[in-house]
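Since the model is a prediction, treat every value here as computed from it, not as a measurement. Whatever order the structure lists them in is the order used to number ligands and atoms, beginning at 1.
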Amino acid sequence: MANTFTIDGQTVPFQEGQTIIEAAMAAGIYIPHLCHYPEFKPHGSCRVCTVSVNGRKVTACNTPAASGQVVLNKTETLQQERRTLIQMLFVEGNHICPACEKTGNCQLQAVAYYVEMLGPRFQHFYPIREVDASHPDVAIDFNRCILCELCVRASRDIDKKNVFSLSGRGLKTHLIVNSPTGKLGDTNFDAQDKAAKVCPVGAILLKRQAYTVPIGQRFYDLNPIDVVGDAAEPHYGAKHHG
Ligand code: FES
């Protein structure tokens, strides 16, 4: 049949121009991801969406869907590789889930559960990073940044403000704020900006809202991520029922 491919044996329709992840999520099939966001151009940096296409590993967020592709997604090998990536992210920053106000709403935490990460595997880096509370309505905890660049892209492409950038190379890569002081309070950033709403972790946080929803009743507390999709885009990728 034209314009279909399979994911783990299930037939998936697609439209010309769709990527594998777009077609999968439209069909209610979850492919784990962190740097992908449906409104932005593919970025291909976190590698968490890696799938096997006709026996070759590719990132689903920037690989076009094509007729007849045989895609493997939820295999033990791919889940193990994703778990390794997530375990590396957890030690590279300071992700202390029980002490983080984003717990239950955090995509990194939810993907970690999805790939059955039960604990740390690598040695923690314990980097020394700052918290920027200079803005009246938004705080940045750089300890939790995973360098997905969603805020960079949202601020540049949607908000047209260019508030964020990445600086440095390799292990020294880090998020910076584009202001003379480097402080968020010295930018024209606003809590209503798209960039304030897309952080998949607890790095960009709206002030005075941390516990309006109690822990245990939050987005991923109620259902796993492969059922409900992304917290920042709640209908995206939600499993189709019936
Ligand atoms: Fe595809 Fe990050 S979601 S590389």
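- Distances under 2.8 Å from atom 2 (Fe) of ligand 1 pick out the protein N/O/S atoms C35 SG, C46 SG.
- Few gaps surround CD on E76; more than 12 heavy atoms of other groups in view lie less than 6.0 Å from it.
- Aromatic ring centres of F122 and F90: separated by at least 6.0 Å.
- The stretch residues 174-186 participates, sequence neighbours left out, in these salt bridge (charged side-chain N to carboxylate O under 4.0 Å, His left out) pairs: E130-K183.
- Under a 4.0 Å N-O distance rule, the pair D137/R208 qualifies as a salt bridge.
- R129 has a carboxylate O that lies under 4.0 Å from a charged side-chain N of E92, or vice versa, which qualifies the two as a salt bridge.
- The pair R47-E81 does not count as a salt bridge, with every side-chain nitrogen at least 4.0 angstrom from each carboxylate oxygen.
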